[in-house]
Amino acid sequence: RILALDFGTHAIKYALLTAVGKTQEYRIELAGQKAVPPQEVGSSETEGPTIALKALVEELELAKKKLTQIVFAIPSSLAIVRFVNLPPTPKERVAAIIRSEAEQHIPFSLDDVALGTQILKADDKGVEAIVTAVKQEKVDEFVHMITVAGLSPEIIDVSSFSLFNQLRFTETEKLKA
């Protein structure tokens, strides 16, 4: 079972997915959203979402379910996204060159961000990639919030890419047919 969480301003959206047989396919067992209480004056930004997430874990009895993976999406508003085009580049050099490109496009020290890269295309014409950066302190806040609720996150995505990735990895074969 996989628990997917998407943190929004006013709600936490969730989906509990169950593997179908021994295939790479999943079915949605449960999905919905939990309202996030309004932020009170003087409280931290994460207090409301933490309260909502703890309540969600309790209501769905997630501690009793055998979860194999917890994935979550950080709001897109917290991410800096840049598209990078490189000339034809040997595979072993792509990561270093993309990091160098990121230093030019990300307005923070790379030591202060969680940096993610997704290669969109790599061929004899060049490499197309998406570089995403989120301040590390924000990532840490979300991980802490999830951990305090009794869960152990494994995969972090940016909400605007979550749907794209889901379609890319699950619908590719259907689209080719």
Side-chain angles (χ1 to χ4, degrees), residues 1-21 23-83 102 105-118 130-172:
R1 287 184 171 153
I2 297 174
L3 176 64
L5 301 167
D6 182 0
F7 291 90
T9 310
H10 303 293
I12 299 171
K13 279 83 66 193
Y14 62 89
L16 186 59
L17 308 168
T18 304
V20 177
T23 67
Q24 291 287 329
E25 294 183 18
Y26 291 86
R27 70 176 169 78
I28 298 173
E29 184 178 322
L30 186 64
Q33 65 180 11
K34 180 74 176 168
V36 172
Q39 183 177 352
E40 293 185 21
V41 177
S43 68
S44 74
E45 271 182 53
T46 60
E47 190 173 321
T50 301
I51 291 167
L53 186 56
K54 282 181 177 180
L56 180 65
V57 167
E58 214 172 279
E59 286 172 24
L60 299 179
E61 298 181 325
L62 292 176
K64 294 179 185 176
K65 296 186 181 350
K66 292 182 179 158
L67 300 174
T68 56
Q69 202 171 51
I70 310 290
V71 300
F72 73 95
I74 288 179
S76 299
S77 60
L78 298 177
I80 297 168
V81 178
R82 298 291 183 263
F83 290 87
H105 296 287
I106 307 300
F108 306 109
S109 166
L110 294 188
D111 294 334
D112 297 335
V113 299
L115 191 66
T117 304
Q118 188 164 346
I130 297 174
V131 177
T132 307
V134 177
K135 293 282 272 182
Q136 186 63 51
E137 66 188 38
K138 289 296 181 185
V139 173
D140 293 344
E141 286 175 11
F142 280 93
V143 169
H144 177 74
M145 182 177 15
I146 292 169
T147 305
V148 165
L151 304 172
S152 300
E154 292 184 39
I155 297 176
I156 303 169
D157 205 351
V158 175
S159 60
S160 58
F161 293 125
S162 295
L163 181 59
F164 169 78
N165 285 328
Q166 188 271 333
L167 290 172
R168 179 175 177 216
F169 294 113
T170 61
E171 301 296 321
T172 303

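None of the values given here were measured: they were computed from a predicted structure.
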Problem - Q69 atom CD, over 12 foreign heavy atoms within 6.0 Å - result: yes
Exercise for the section: Write out all pairs satisfying salt bridge (Lys or Arg N to Asp or Glu O under 4.0 Å) with one or both partners inside residues 2-13, taking only residues at least two apart or from two chains. Expected result: none
Side chain to side chain contact (heavy atoms under 4.5 Å, CB included) against [X], all qualifying residues, sequence neighbours excluded:
X   : result
L60 : Y14, L30, L56, L62
A31 : A15, I28
V36 : I12, P49, A52
A55 : K34, E59

Handout entry: L53 side chain near V148 side chain, heavy-atom distance below 4.5 Å
Key = no
Problem - R1: salt bridge (Lys or Arg N to Asp or Glu O under 4.0 Å) partners, not counting sequence neighbours - result: E29
When rounded to the nearest 0.5 angstrom, what distance separates [atom1] in [X] from [atom2] in [Y]?
X    : Y   : atom1 : atom2 : result
D157 : F72 : CG    : CZ    : 10.0 Å
L151 : L67 : CG    : CG    : 7.0 Å
L16  : T18 : CG    : OG1   : 5.5 Å

Completion exercise
For residues 139-156, the side chain to side chain donor-acceptor pair (under 3.5 Å) pairs (sequence neighbours left out) are Q136-D140
Report, one line per pair, each donor and acceptor closer than 3.5 Å where one atom sits in a side chain of residues 73-83; sequence neighbours left out.
| unit_1 | atom_1 | unit_2 | atom_2 | d |
| --- | --- | --- | --- | --- |
| S76 | OG | S159 | OG | 3.0 |
| S76 | OG | S160 | N | 2.9 |
| S76 | OG | S160 | OG | 3.1 |

Tell me which donor-acceptor pairs under 3.5 Å the side chains of residues 105-114 have, and how far apart each pair is, sequence neighbours excluded?
| unit_1 | atom_1 | unit_2 | atom_2 | d |
| --- | --- | --- | --- | --- |
| S109 | OG | D111 | N | 3.2 |

Exercise for the section: Apply ring pair (Phe, Tyr, Trp, His ring centres under 6.0 Å) to F142 and list each qualifying residue two or more places apart in sequence or on a separate chain. Expected result: F7
